Amino acid sequence: MDGFIVTLALPAMSRHFGVGLSVFKWVIVAYLLTVTVTLLPAGRLADIWGRRRIVVTGMSVLVLSSVLCAMAPTVGSLIAFRILQGIGGGLVLANVMAEITAVFPKQERRKAMAVNASILALAQVTGLVLGGLLIGQFGWRSIFLVILTVSLAGLILSLRVLKARPRPQDRTAMDWTGAVLAIVATSAPFLLIERLSSTGLTLANLALLIGGGVVLVLFLIVERRLPKPLLTLNLFRSRAFLCGSVAAAFYFIAAVSCYFLLPLYAQLVLGRSPVMAGVLVVPLSLVATATSLTVSSLGDRVGGRTLSTAGMLSLSAGLLGLSWLGPHSSTAAIVCPLVLMGMGGGLFHPPNNSATLNTIPPEHLSVANGFFSMARNFGQAIGAALAATLLAHALGAAGADGALAGVVGARLNGQPLDAFLGAQQLAYRLAAAMGLVGAVVSVLRGAELPGSAPMGPKSVATVNDGRRR
């Protein structure tokens, strides 16, 4: 809910603060980027201090930051409070699937992951619909009351339900050097996207790209030499874990363009109200929820690789359909691609999530889940940054960067409309291509072997060529 409920409010925020999309995109991107860079350190901290303590801390930060966002006096302070909110979100998300994997036996884990995926799908649409209702009645600040309410409920439930599990006897100090290098390496692509949109390929941008690669290499060197690293590199000897994580990243790079662009398209091109723009995404989440709950029974017969790959292909087909949207597209022309995308999400997430983490031993679950969640959220952040940057660049070139600040219900026309539709088409087609790359990665994970068990500590270091799942 927290990631994209703000999308509906961007026009209202733009009217309130008098700032264009090139600035306001950071209200979303800064949150997603902060979640991403927090996840890996949060997974390691959970190994040291325990998952329950980290989740409770994260929920508490979400509660506090929601209040601050609702009271933000300037756009700069709003972005700063969203960064704080991202820290809280990262602390929570780093431990969700690790806790599910730890609690449920393997034969029930796929079903548990399916329920988790369906809740995520429902949360996205619930956030958009509630956000649209609140924006229309009480203004954009009220959307953070939704996040406050959910975070407070999550904090209470975490305190009452989550168990304090035994922590490892060897609680080595946190790898802060690795954490800083990981944050820098993860942040570099976003800075590069921002600079490329304004200056193109220059020597400075090329130096930035090379510098990011050097930092990544330094991170790997540091992690390889530490006895208790931030990231256990031997995890990547499992092809199931590596391909599952990369496929998840590509899924979200592709899918997020819809969550960012469609609410803006509905308001600025079709002239719909915020609440109707939120309702427009309902079919996607309903289909994703139904498919997620159904696919858990298919996994044992069809196999995770086949289902996940089919999900990626369905996602790409839906995004390609959205790329044809025009100034007068019908509701059916929007809903049909969304149904395909919903089926794609439902087919992809449960088998991919369970297969990716099934082979991880209990002592590495928090770190593995931290990286897996980081890959997913990195995809979300990159997808949102790409879509927002393409749109902001197109509107800026057309002299319509402040197009979001128009009155409610006003439609774009002339050059701003052409710029919006051109950027939207490019973003959706680029996203569809990313989905096809994710499908290829999903195929490369290898076939699932029946009766495979989670890897023990020695197996992580010795697993061969990824055949083991």
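Each residue takes its place number in the sequence, starting with 1. None of the values given here were measured: they were computed from a predicted structure.
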Heavy-atom closest contact (Ile334 atom, Leu270 atom, distance)
CD1-CD1, 3.9 Å
Would Met59 and Leu91 count as a side chain to side chain contact (heavy atoms under 4.5 Å, CB included) here? Give the steps.
CA-CA 8 Å; Met59 286 292 185; Leu91 293 175; over 6 Å; no
Contact between Leu181 and Val222 at the side-chain level, heavy atoms closer than 4.5 Å - yes or no?
yes
So Leu264 and Pro11, do their side chains get closer than 4.5 Å, heavy atoms only?
yes
Nearest 0.5 Å, please: how far is OG1 in Thr186 from CD1 in Ile382?
9.5 Å
Nearest atoms (heavy-atom pairs only) where Ile253 meets Met434:
CG2-CG, 3.7 Å
Pairwise distance CG(Leu421) to OH(Tyr265) - rounded to 0.5 angstrom:
7.0 Å
Kindly indicate whether the side chain of Met341, heavy atoms from C-beta on, has any atom under 4.5 Å from the side chain of Ser314.
no
Which distance, rounded to the nearest 0.5 Å, do you find between the CE of Met312 and the CG of Leu347?
12.0 Å
For Asn377, does its backbone N or O pair with a side-chain atom of Thr36 as donor and acceptor, under 3.5 Å?
yes
Shortest non-hydrogen pair, Pro274 vs Ile135, comes out as CG-CG2, 4.1 Å
Student check: side-chain heavy atoms of Phe420 and Pro416 closer than 4.5 Å
no
Here the pair of heavy atoms bringing Leu322 nearest to Cys258 is CD1-SG, 3.9 Å
For Thr74 and Ser77, what are the C-alpha separation, side-chain angles and deciding distance, and is it a side-chain hydrogen bond (donor to acceptor under 3.5 Å, both in side chains)?
CA-CA 5 Å; Thr74 65; Ser77 61; 3.1 Å; yes
Distance-only, no hydrogens or angles: does the Ser329 side chain make a donor-acceptor pair with backbone N or O of Gly326 under 3.5 Å?
yes
Between Ser65 and Leu62 (side chain of the first, backbone of the second, donor and acceptor by atom type, cut-off under 3.5 Å), is there such a pair?
yes
Measure the spacing between CG of Leu155 and CG of Leu64 and express it to the nearest 0.5 Å.
11.5 Å
Can you tell if the side chain of Leu386 reaches within under 4.5 Å of the side chain of Val256, non-hydrogen atoms only?
no
What I'd like to find out is whether the side chain of Leu162 reaches to under 4.5 Å of the side chain of Glu99, using heavy atoms alone.
yes
Please assess Ile83 against Tyr31 for the test side chain to side chain contact (heavy atoms under 4.5 Å, CB included), listing each intermediate value before the final yes or no.
CA-CA 5 Å; Ile83 291 173; Tyr31 170 83; over 6 Å; no
Sub-3.5 Å donor-acceptor pair from the side chain of Ser316 to the main-chain atoms of Leu436, do we have one?
yes
Suppose we call two aromatic rings close when their centres sit under 6.0 Å apart. Are Trp140 and Phe17 close by that rule?
yes
Could you tell me how the ring of Phe236 sits relative to the ring of Phe371: parallel (under 30°), tilted (30 to 60°) or perpendicular (over 60°)?
perpendicular
Side chain to side chain contact (heavy atoms under 4.5 Å, CB included) for Val339 and Leu284? Distances and angles first, verdict last.
CA-CA 5 Å; Val339 169; Leu284 189 159; over 6 Å; no
Determine yes or no for a side-chain-to-main-chain donor-acceptor pair under 3.5 angstrom, with Glu223 supplying the side chain and Leu231 the backbone.
yes
Do you know which two heavy atoms are closest between Val35 and Gly86, and how far apart they sit?
CG2-O, 3.3 Å
For the residue pair Thr7 and Leu262, establish whether any side-chain heavy-atom pair is separated by less than 4.5 Å.
no
Check whether Ser14 reaches the backbone of Leu10 with its side chain - one donor and one acceptor, N or O, closer than 3.5 Å.
no
Find the distance between OG1 (Thr294) and CE (Met343) and round it off to the nearest 0.5 Å.
10.0 Å
Please lay out, stage by stage, how Arg445 and Ser442 fare under the test side-chain hydrogen bond (donor to acceptor under 3.5 Å, both in side chains).
CA-CA 6 Å; Arg445 75 180 67 211; Ser442 185; 3.1 Å; yes
Looking only at non-hydrogen atoms, find the nearest pair between Ala72 and Arg141 and report the distance.
O-NH1, 2.7 Å
Applying side chain to side chain contact (heavy atoms under 4.5 Å, CB included), run through Val19 and Met13 and close with a yes or a no.
CA-CA 8 Å; Val19 180; Met13 290 178 179; over 6 Å; no
If we ignore hydrogens and angles and just use 3.5 Å, is the side chain of Asn95 paired with the main-chain N or O of Arg51 as donor and acceptor?
no
side-chain hydrogen bond (donor to acceptor under 3.5 Å, both in side chains), that's the test. Do Gln137 and Ser142 meet it? Break it down for me.
CA-CA 9 Å; Gln137 295 295 318; Ser142 61; over 6 Å; no
Does NZ or CZ of Arg376 fall inside the cone over Phe372's six-membered ring, less than 6.0 Å from its centre and within 45° of the axis?
yes
Quick check: do Leu40 and Phe219 have side-chain heavy atoms less than 4.5 Å from each other?
yes
Once you measure the plane-to-plane angle for His349 and Tyr251, does it fall in the parallel (<30°), tilted (30-60°) or perpendicular (>60°) bin?
perpendicular
Quick check for you: to the nearest 0.5 Å, what is the distance between Gln415 atom CD and Leu395 atom CG?
10.5 Å
N/O donor-acceptor pair under 3.5 Å between Ser238 side chain and Leu235 backbone
no
